[in-house]
Amino acid sequence: MRAKRLTESVEAAELLSAGQLVAIPTETVYGLAANGLDDHAVARIFEAKKRPFFDPLILHIGSTEQAKSLCQDWPDEAEKLSRAFWPGPLTLVLPKSDRVPNIVSSDLPTVGIRMPQHALTLELLNLLEFPLAAPSANPFGYVSPTTAEHVLDQLGESIEAVLDGGPCQVGIESTIVKWDETGLHLLRLGAITQEQIEAVVGPITQSVSVSQKVQAPGQLEQHYSPHCGITLFEPGASAPNPNDQQAVVYFQKLPEGMPQHGYYLSQYGELSEAAASVFSVLRNLDKWGYAHAYIEWAPKHGLGLAINDRLKRAAAKR
Ligand code: AMP
Ligand code: MG
């Protein structure tokens with residue numbers, strides 16, 4: 001194993017300042033970070049993840065001032081949303097300033113920016129003089145990592161270090177909202193719900209596309225996928241009997257107890273608990289050697305919509 005496990009933000013800051021790759025903890029998932037203003041360092045992220053260059057990266061910042069320096073201007077909506085949700089799981093897409101390298105934005109004229117809610121990473125960001133470009137720290141297309149172990153298991157040979165900040169509290173990626181002259185557009189469902197955003201800025205349009213050829217893989221039909229096959233079933237419908245080839249994953253722990261090869265996303269049927277565990281459960285299905293899994297949809301409201309978005313893409317045919 002090549003990657004070091006770090007616990008101090010200063011150690012991570014030294015490596016990042018030298019142009020190296022360090023996985024960082026956030027409240028959503030672990031990110032694979034590099035100096036977001038250094039083309040060469042950013043190119044190494046794409047290489048380590050085998051990520052196509054058409055998939056833009058999110059810049060992580062430690063202050064709103066820093067965010068402003070990365071975009072052309074700072075509309076009222078950005079001010080309101082950043083005040084309401086930063087630090088937190090909301091990414092704002094805005095017209096980019098010249099400081100942002102084209103490799104970060106995949107040649108788009110816009111850039112995605114967010115301030116993560118994690119003490120160690122905020123400390124790190126405030127030690128640095130540059131933003132961190134950081135997509136999820138997993139091979140492209142696979143399940144996102146929510147612990148330092150997940151990162152080491154898959155990228156341990158291709159990165160310098162992981163800053164271990166414990167398991168991610170939220171567990172699914174940020175909500176992405178794009179601003180343009182016509183208004184605000186929801187590009188990716190995530191940890192902050194559309195209702196929460198609309199409570200701050202009024203109605204926004206949904207542009208969460210499901211397609212094979214889009215500008216951004218959070219929008220690809222198939223993504224976040226374990227190697228085992230997945231079939232989704234409606235809440236309360238009966239699932240096939242599980243066996244050592246075929247697991248069943250319920251949304252909530254069954255009151256009568258779980259059968260062998262039966263799993264659940266949440267002990268008490270809570271959406272936030274299910275979000276925090278969904279990627280670990282998907283990973284474990286592979287680790288434990290199942291060829292197939294039947295997974296129950298989450299309740300279809302609030303955070304359940306973002307969980308179902310990930311399940312749907314994980315289940316999409318390759
Ligand atoms: P990840 O950090 O792996 O969750 O991926 C970042 C995602 O953010 C991309 O796949 C896009 O969906 C989105 N994104 C980042 N920058 C932009 C942008 N400028 N325009 C639209 N979407 C973006
Ligand atoms: Mg990702």
Side-chain angles (χ1 to χ4, degrees), residues 2-3 15-16 19-26 28-60 70 89 91 93 96 100-114 116 121 130-148 150-163 168 172-174 176 178 187-190 208-227 279 282-283 286 309-310 313-314 316 318:
R2 175 171 156 211
L15 295 175
L16 289 161
Q20 305 208 318
L21 297 184
V22 179
I24 55 166
T26 78
T28 60
V29 304
Y30 271 73
L32 179 53
N35 178 347
L37 302 183
D38 174 347
D39 293 83
H40 188 73
V42 172
R44 289 198 51 212
I45 295 179
F46 286 91
E47 206 181 314
K49 275 182 66 90
K50 305 203 173 14
R51 180 174 173 117
F53 284 103
F54 66 77
D55 186 8
L57 305 182
I58 294 170
L59 289 181
H60 293 69
L70 300 168
T91 297
V93 174
K96 77 180 190 74
V100 179
N102 288 328
I103 188 172
V104 168
S105 65
S106 300
D107 277 332
L108 295 170
T110 53
V111 61
I113 305 175
R114 93 173 183 101
T121 290
F130 47 81
L132 290 176
S136 51
N138 52 296
F140 181 71
Y142 194 67
V143 182
S144 303
T146 53
T147 66
H150 292 168
V151 177
L152 291 170
D153 281 350
Q154 290 192 298
L155 297 179
E157 299 302 329
S158 36
I159 66 176
E160 273 76 37
V162 56
L163 180 59
C168 300
I172 52 176
E173 293 82 354
S174 60
I176 302 182
K178 178 177 176 176
L187 296 189
R188 178 171 75 185
L189 299 174
V208 182
S209 53
V210 179
S211 153
Q212 288 294 4
K213 48 171 181 17
V214 275
Q215 41 168 334
Q219 302 172 337
L220 283 181
E221 182 180 348
Q222 191 235 316
H223 205 61
Y224 313 111
S225 305
H227 302 305
F279 285 139
L282 291 176
R283 252 168 212 273
D286 280 347
D309 171 84
R310 303 305 186 273
R313 294 176 209 265
R318 290 132 243 225

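Counting from 1, the numbers follow the sequence of the chain as shown. The figures here come from the full heavy-atom set of this structure, side chains too, leaving out hydrogens, waters and symmetry mates.
Screening Thr110, Asn102, Leu70 against Lys96 for a side chain to side chain contact (heavy atoms under 4.5 Å, CB included) leaves a single residue, Asn102. Of the candidates Thr91, Val111, Leu132, Val111 is the only one forming a side chain to side chain contact (heavy atoms under 4.5 Å, CB included) with Leu59.
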Given ring-ring contact (aromatic ring centres under 6.0 Å, His included), test His150 with Phe279 step by step and report yes or no.
CA-CA 10 Å; His150 292 168; Phe279 285 139; 9.2 Å; no

What do the steps show when you test His227 against Tyr142 for ring-ring contact (aromatic ring centres under 6.0 Å, His included), and what is the final call?
CA-CA 8 Å; His227 302 305; Tyr142 194 67; 4.9 Å; yes

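There is a side-chain donor-acceptor pair under 3.5 Å between Ser144 and Glu173. Side-chain contact annotation: Thr28 with Ser174, donor-acceptor N/O pair under 3.5 Å absent.
Nearest heavy-atom pair across Ala133 and Leu57 is CB-CD1, 3.9 Å. For the pair Ala137 and Val151, the tightest heavy-atom approach, listed with the atom from each and the gap, is CB-CG2, 4.0 Å. Residue Phe140 comes nearest to Asp55 through the heavy atom pair CE1-OD2, 3.7 Å, listed as atom of the first residue, atom of the second, then distance.
Remark: Arg44 pairs with Glu160 by the salt bridge (Lys or Arg N to Asp or Glu O under 4.0 Å) rule, at least two apart or across chains.
Ile58 contributes atom CD1, which lies 5.0 Å from atom CZ of Arg188 (distance to the nearest 0.5 angstrom). Note: Phe53 CZ to Ile103 CD1 = 5.0 Å, rounded to the nearest 0.5 Å.
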